[in-house]
Amino acid sequence: MKRSVLVGLAMVAFAAVSCGGDGGDHAPVEVATVDVPELLARAGRSRNDDDLVTSLVPDDLVCKDDVWLPEVYWPPLGPPRLDRIVFVAWDMPAGTLRGWDLVRNAANRRIWSAVLPAEEVGFGCEERYATSFFLLASWPDDNISRPVGFPRAAREAFSEIIVSYDDVLVDYYTSVNVDEANVPMPDTATYYLKNLFTGVTFSTDVPTDGDSPNSGTRIEVDYGELGLGAMADVATCVVYKRDGVELTNLCLTVTDTTLP
């Protein structure tokens with residue numbers, strides 16, 4: 001069996017959509033809501049395309065003045081040649097998924113983006129850390145990617161390692177640098193795992209350890225015992241808390257180096 005390790009940084013680039021790129025008024029980008037459960041049901045399972053989940057340029061998710069500004073870069077011809085990229089909000093305690101189509105820029109077809117006010121998403125920039133974000137990309141014949149996760153704070157604030165020998169027992173190591181994330185030292189990390197295609201979920205609280213500025217956790221998850229299925233079909237996110245108050249979160253991304 002092969003030891004496989006992902007030393008993770010979020011795999012998606014997000015930047016402000018603005019007139020002239022200098023932080024001016026947000027350019028209007030029409031977006032459409034997506035029935036995420038229906039999209040997943042059509043696909044049935046995630047497809048193995050590691051180039052997709054590792055080639056999207058990493059950067060932060062931008063939220064400014066309670067407007068969410070997801071933006072991702074992907075070449076028009078791929079491969080794969082994508083039909084859509086969906087920005088997904090996962091309310092982890094409720095288990096619900098909401099999504100919006102990113103729109104390809106007519107002037108630069110490498111850019112897919114959206115402008116989503118707090119009224120549309122349901123909360124503003126510094127709220128609702130029990131909701132995390134990831135992307136799903138799709139291409140013809142109902143092919144859909146693994147979930148591509150990212151953090152709610154600066155990506156350099158987080159590190160993560162996923163280790164699996166057999167696609168059944170999976171070790172997660174995550175940490176947050178509180179100075180980089182600009183949050184208090186957490187005392188707990190809540191892990192949420194969800195098979196996007198079967199709906200099977202699992203969550204657990206783990207005490208954090210480590211001295212300032214870093215706070216880390218480790219957890220071993222038995223996918224077989226919990227009925228979670230294949231690693232590539234599971235969204236995994238971690239919420240850091242202090243005294244029960246949610247501080248920030250990040251979602252992880254399974255790549256080929258993660259899989260046995």
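Numbers for residues simply follow the sequence, beginning at 1.
Between Y240 and T217, the side chains place no donor N or O within less than 3.5 Å of an acceptor N or O (distance only, hydrogens not considered).
Between L196 and P147 the shortest heavy-atom distance is CD1-CG, 3.9 Å. Taking each heavy atom of L52 and W139 in turn, the nearest pair found is CD2-CZ3, 3.5 Å. The heavy-atom pair separating A153 from T248 by the smallest distance is CB-OG1, 3.7 Å. In terms of heavy atoms, L226 sits closest to V200 at O-CG1, 3.5 Å. Smallest separation of non-hydrogen atoms from S164 and L169: OG-O, 3.2 Å. V168 approaches D166 most closely through the heavy-atom pair N-OD1, 2.9 Å.
Crowding of R81 atom CZ: a count of heavy atoms from other residues, nucleotides or ligands under 6.0 Å not exceeding 12. Annotation for D141: atom CG does not count as buried by contact number, only 12 or fewer foreign heavy atoms lying within 6.0 Å. Counting heavy atoms of neighbouring residues, nucleotides and ligands inside a 6.0 Å radius, atom CG of D171 exceeds 12 of them.
Hydrophobic clustering (ILVMFWY, side-chain heavy atoms < 4.5 Å, transitive): L247 and V178 are in one cluster. Hydrophobic clustering (side-chain heavy atoms under 4.5 Å, transitive across Ile, Leu, Val, Met, Phe, Trp, Tyr) keeps L250 apart from V239. Cluster membership for V234 and V86, using ILVMFWY side-chain heavy atoms within less than 4.5 angstrom, is not shared. One hydrophobic cluster holds both V206 and F202 under the rule that ILVMFWY side chains link at heavy-atom gaps under 4.5 Å. W90 and W100 fall into different hydrophobic clusters, where Ile, Leu, Val, Met, Phe, Trp and Tyr side chains are chained together by heavy-atom contacts under 4.5 Å.
For S132 (side chain) and C237 (main-chain N/O), no donor-acceptor pair under 3.5 Å exists by modelled atom type. The main-chain N or O of G149 is found under 3.5 Å from a side-chain atom of T253 such that the two form a donor-acceptor pair. Between the side chain of R45 and the main chain of A43, no donor-acceptor pair closer than 3.5 Å is present. With hydrogens and angles disregarded, no donor-acceptor distance shorter than 3.5 Å links the side chain of D101 to the backbone of V34. S46 contributes a side-chain N or O that, together with a main-chain N or O of A232, makes up a donor-acceptor pair within less than 3.5 Å. Within the 3.5 Å criterion, the main-chain N or O of P76 finds no donor-acceptor partner in the side chain of R109. T201 places no side-chain N or O within donor-acceptor distance of the main-chain N or O of L193, the cut-off being under 3.5 Å. Under a 3.5 Å cut-off, the side chain of N249 and the backbone N or O of T131 do form a donor-acceptor pair. For the pair K194 (side chain) and G95 (backbone), a donor-acceptor distance under 3.5 Å is present. For the pair R242 (side chain) and M185 (backbone), a donor-acceptor distance under 3.5 Å is present.
Between D91 and R128, at least one side-chain N (NZ, or NE/NH1/NH2) sits under 4.0 Å from a carboxylate O, which counts as a salt bridge.
Aromatic rings of F133 and W68 (six-membered ring for Trp) have centroids within the 6.0 Å cut-off, being under it.
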- Item | Trace of the side-chain hydrogen bond (donor to acceptor under 3.5 Å, both in side chains) decision for T174 with Y191 | CA-CA 10 Å; T174 69; Y191 282 75; 3.0 Å; yes
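Applying the side-chain contact (heavy atoms from CB on, under 4.5 Å) test between L40 and each of I144, D142, D35 identifies I144 as the sole match.
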